Structure formats: C-alpha cells, structure tokens
Amino acid sequence: MSSRAESQTIYAAGLVQGIALVTFPAASTILTAPGSYALSSSQYGAMFIPQVITAVTTSLLGASLGRRFGGKQVYLAGLAGDLAAMVLLIASHFVATDRPVAYPLLLAATACLGAGFGLTVPSINTFTAAFHPAAVDRSVLMLNALLGLGTALAPVFVTIFVSLGFWLGLPILAAALLVILFAVSLRLPLRAESAVGPVEEPRPAQEKRPAQEPHPPQSARQTRTPVPAQFWVFAGFAVLYGFCETMNGNWSQLDLESLKASATQASLALTVFWAMTTAGRVLFAVIARWFPSRLAYHLLPFLLAGVFVMIAVLPAGTPGLGILAFALAGLGCSALLPLTISFGQEKLTTISAGVAGGIIAFYQIGYGIAAFGVGPLHSAGITLPTVFGISAAVAVAMGLLSFAVAHHRPSPASLHPRPTGSAALQPQPRAVSTGQ
C-alpha cells in the first residue's frame with residue numbers, strides 16, 4: 001500500500017486515540033451514579049493512578065522499545081493497550097454493582113489505557129513527521145488537531161448513547177474503531193524511513209552543517225549525559241500544567257452536576273473544554289507571526305487562574321456560565337504543553353531528543369495529583385468549586401514559572417515541536433538525518 005494510506009491511517013489513529021483517552025472522564029457521571037458503579041469521589045480519582053503509572057513508564061521506555069522491536073510494533077502494542085482498556089470497561093459494566101469485582105476491572109482498564117497512550121502518541125507523531133518531511137509542522141499540527149477532536153467527541157458520544165439508554169455504546173464504538181485500525185495498520189509497512197524520505201532534525205540557524213560528521217565510537221553513544229539542572233524547571237511547569245488540565249478534564253462534569261446542571265450540560269462542558277484546547281493550539285500556531293507564542297505562554301496561565309476563580313464562584317443553576325467557563329479554561333490550557341516541549345528542545349540541547357518524553361512523564365505526574373488528590377478532598381467535605389478556587393493558585397504559580405522557562409528566549413519556530421526518534425533522557429549522536 002502507498003505511503004498515502006499510511007499517512008491517513010496514522011491520522012485516523014490520532015482521532016481514535018483521542019476518543020479512547022477521554023472515555024473514562026466522559027463517563028464520570030455513570031461511574032459515580034448510585035444506580036450504577038456508585039464510586040465515591042476518592043474511588044473515582046484513585047481509578048486513574050494505574051493510568052498515570054503506565055503512561056509515565058511507557059513514555060520513558062517507548063524509545064528504547066522502538067529501537068529494540070521497531071516503531072510499528074510499539075505503535076501496534078499501543079493500539080492493543082487501548083483496545084484492552086475498552087474491553088475491560090465493557091466487561092466491568094456487567095458486574096457494575098459487584099464492586100469487589102468491577103473496581104479491579106476498572107483499575108486494569110485505566111492501566112491499559114495509560115500504556116496505550118504512552119506508546120501510541122509518540123509513535124504516531126514520529127510517523128507523521130516522517131511521512132511529511134517537507135511539511136512536518138503542518139502535519140504534526142493536523143495530527144494533534146485530530147487527537148484533540150477525538151477528545152472533544154468522546155463526551156458527545158456518551159451523551160448520545162446515554163440518551164438512548166445505552167452508555168456502553170461509547171466503549172463499544174471505541175473498541176470497534178480500534179479493531180479496524182489495528183487490522184488496517186497490521187497490513188501496512190509503517191516504516192518511517194520508507195515513507196518519502198528521512199526526517200531531518202532541525203538545527204539552530206547559526207549552526208553550520210559540516211560536510212561529513214564521523215560516527216562517534218560505540219562507547220560515546222552509550223554514555224549518558226547528566227540531566228541539566230534547568231530541565232527541572234520545565235518538569236515543574238509540566239507538573240503544574242498537568243494538574244490544571246486534569247482539574248478541567250476529569251472533574252468538570254462532576255463540578256457542574258454539583259451546580260444542578262443536567263448530565264447533558266455537564267457533558268457539553270467537557271466537550272467545549274477539549275474543543276477549545278484543540279482550537280487554541282491551532283489558533284496560536286496560525287497567528288504566531290502576529291502574536292508571538294512566547295507572549296501567549298506568559299499570558300495563558302493567568303487567564304486560566306481567572307477562570308478557576310470564576311468556576312469557584314459560579315452560583316447554582318447557571319450551567320451556561322459553567323460551560324463558558326470551561327471553554328475559556330480550554331483556551332487557557334491550549335498552547336502551554338506543546339510550547340513547553342518546544343522551549344525545552346531548543347534550550348536543553350544536550351538532551352533535546354529526550355525532552356518530550358521527560359516533560360510528558362512529569363505532565364502525567366501532575367495529571368495523577370489532580371485525578372487522585374481531589375477525590376479525598378471532596379470526600380472529606382471540601383466542595384469542588386472550592387478546589388477549583390484553590391487551583392487558581394497553582395495556575396498563578398505556573399504563570400510565574402513560565403518566565404523562568406522562557407527567560408530571554410525567542411518564540412519557538414513552531415508551536416508544535418518536531419518529533420524525534422528518542423524519548424529517553426539521554427543524548428543521541430548528531431546525524432545528518434534520522435530514519436525515525
């Protein structure tokens with residue numbers, strides 16, 4: 001099959017991965033409903049701990065697994081993880097009222113989803129860049145837009161299926177799409193180096209390419225470089241961002257329900273959050289020539305802090321304002337994570353190949369803090385609006401830290417960083433081109 005088929009398949013994988021990723025938060029009202037799984041806030045939050053552990057692990061190990069088994073095998077393993085998550089979620093439905101059985105199935109499902117995310121997303125970014133070497137920035141932006149579209153569609157689908165009295169339709173649909181995607185992908189070669197040419201690593205403008213660069217000795221390639229102290233500033237920002245994003249992504253529906261919004265309105269809030277997150281990334285990429293992305297990087301955390309305060313003071317019976325607030329929260333989150341990776345790749349040159357994997361790992365830690373930590377607070381009697389109000393301080397801290405991340409740095413050449421062949425925190429030999 002042609003490289004065009006490969007490219008279209010990888011784009012489809014981004015869309016399906018987005019749907020699978022948000023399936024559990026989209027079903028939060030089902031998972032906590034008294035007549036269904038009846039999970040407490042603490043149990044709902046703890047459900048995501050296995051997802052964080054496996055996502056962090058696979059994000060850091062993905063590059064070494066790719067070198068050992070090949071990019072296609074890692075990508076297929078990621079799809080298999082996503083599919084296993086959906087199958088386990090479907091199975092848990094039939095024992096939903098038997099908590100000692102259902103809850104372990106949910107934990108296993110989120111663990112599989114974390115592994116699927118950690119293996120699939122870096123793989124499809126690398127493949128996309130390789131299949132479009134003359135338009136890497138545009139292709140990666142399109143892939144991430146499709147991934148974001150999937151995250152926005154998941155709550156829409158769950159609303160439709162709930163209205164039909166069959167919420168299980170969402171994981172069944174995701175599982176069916178994953179089976180089709182796996183079968184199609186299995187037949188494709190999916191070799192990055194065989195697409196249309198190798199992907200060239202971007203070099204600083206002032207650096208001149210030597211006529212020929214000798215390959216370093218084997219011992220040099222295997223020697224690890226210490227992680228620069230500056231990396232931990234980026235890591236800290238990623239933790240804070242992961243917390244802020246997850247407050248919206250995992251707790252928005254339950255927050256609106258506490259304000260007496262309907263299940264449909266709560267799902268719409270989650271939909272507009274992810275839709276605006278995706279639209280904001282596209283918007284800031286398009287207007288970067290007139291509105292420097294570095295300026296957006298400094299302003300967006302403070303916008304997010306203001307939105308958290310707005311959510312905290314929303315009166316009951318105002319679902320429209322709640323939906324608007326979460327739409328603004330999506331805009332506030334939009335460009336922050338990709339810009340953090342872009343700044344890191346340009347500033348931390350000694351480990352530039354491993355910056356993306358490292359930052360994503362710490363982002364997942366922030367995800368875990370918000371996903372799990374809020375549950376016990378809520379169970380202890382602290383309302384979700386109060387937690388959102390406290391989260392404003394986290395967003396302010398993130399805004400202040402943005403000046404340390406982007407201190408005296410020009411705006412990155414691209415809002416979406418170019419994928420590299422490695423996601424481990426170790427140096428890679430500089431070469432004229434790479435196959436992945």
Side-chain angles (χ1 to χ4, degrees), residues 52 55-63 117-118 121-122 125 140 144 201-202 204 224-247 277 280-281 284-285 288 292-305 332-370 391 393-428:
V52 172
V56 169
T57 302
T58 52
S59 293
L60 294 176
L61 293 180
F117 170 82
V121 172
N125 273 272
V140 172
N144 283 274
E201 289 195 25
R224 286 183 177 271
T225 295
V227 177
Q230 185 68 21
F231 170 78
W232 301 110
V233 177
F234 290 84
F237 189 97
V239 171
L240 297 178
Y241 172 78
F243 178 91
C244 291
E245 182 192 276
T246 306
M247 279 301 304
T277 299
R281 289 178 180 176
F284 287 114
S293 54
R294 180 171 56 85
L295 182 58
Y297 193 70
H298 294 320
L299 293 178
L300 290 179
F302 295 104
L303 169 63
L304 190 57
C333 287
S334 59
L336 293 176
L337 185 61
L339 279 176
T340 303
I341 298 173
S342 291
F343 278 121
Q345 287 180 333
E346 294 184 1
K347 192 170 187 177
L348 306 174
T349 55
T350 60
I351 59 165
S352 60
V355 166
I359 289 177
I360 290 296
F362 280 93
Y363 153 76
Q364 286 291 329
I365 292 173
Y367 177 102
I369 293 172
S391 301
V394 178
V396 169
M398 182 169 57
L400 297 175
L401 198 57
S402 74
F403 291 93
V405 170
H407 183 60
H408 295 316
R409 301 293 300 179
S411 296
S414 171
L415 183 136
H416 289 275
R418 292 191 175 202
T420 60
S422 174
L425 281 176
Q426 61 183 44
Q428 300 298 311

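Owing to the predicted nature of the structure, the values given are computational and were not obtained by experimental measurement.
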What one should report as the nearest heavy-atom pair of S402 and G399 is OG-O, 2.5 Å
A361: side-chain contact (heavy atoms from CB on, under 4.5 Å) partners, not counting sequence neighbours: V56, L60
Using the side chain to side chain contact (heavy atoms under 4.5 Å, CB included) rule, take L337 and I359 through it: C-alpha gap first, then chi angles, then the decisive distance, then the call. CA-CA 9 Å; L337 185 61; I359 289 177; 4.1 Å; yes
Quick one: do F284 and L339 satisfy side chain to side chain contact (heavy atoms under 4.5 Å, CB included)? Show the steps, please. CA-CA 10 Å; F284 287 114; L339 279 176; over 6 Å; no
Heavy atoms of S59 and G118 approach each other most closely as OG-CA, 4.0 Å
Where do A370 and T246 come nearest, in terms of heavy atoms and distance? CB-CB, 3.7 Å
What pairs with L401 under side-chain contact (heavy atoms from CB on, under 4.5 Å), at least two apart in sequence or on another chain? V233, F237, L240, A404
Heavy-atom closest pair, residues N144 and V140: ND2-O, 2.8 Å
Once you round to the nearest 0.5 Å, how far does CD1 of I341 lie from CG of L348? 12.0 Å
Does A406 have any side-chain contact (heavy atoms from CB on, under 4.5 Å) partners at least two apart in sequence or in another chain, and if so, which? R294, Y297, H298, F343
side-chain contact (heavy atoms from CB on, under 4.5 Å) filter on T58, not counting sequence neighbours, yields A115, L119
Partners meeting side chain to side chain donor-acceptor pair (under 3.5 Å) with E245 (sequence neighbours left out): Y241, Y363
Indicate the atoms forming the closest heavy-atom contact of P301 with A296, along with that distance. CD-O, 4.4 Å
On a heavy-atom basis, the closest approach of L300 and G332 is CB-O, 3.3 Å
Checking Y367, F243, W232, F234 against F362 for ring-ring contact (aromatic ring centres under 6.0 Å, His included), the one that qualifies is W232
According to side chain to side chain donor-acceptor pair (under 3.5 Å), who are the partners of T277, at least two apart in sequence or on a separate chain? none
Within a strict 4.5 Å, meaning less than it, do heavy atoms of the L336 and M398 side chains meet? yes
Taking the side chain as every heavy atom from C-beta outward, state whether V52 and I369 have any atom pair closer than 4.5 Å. no
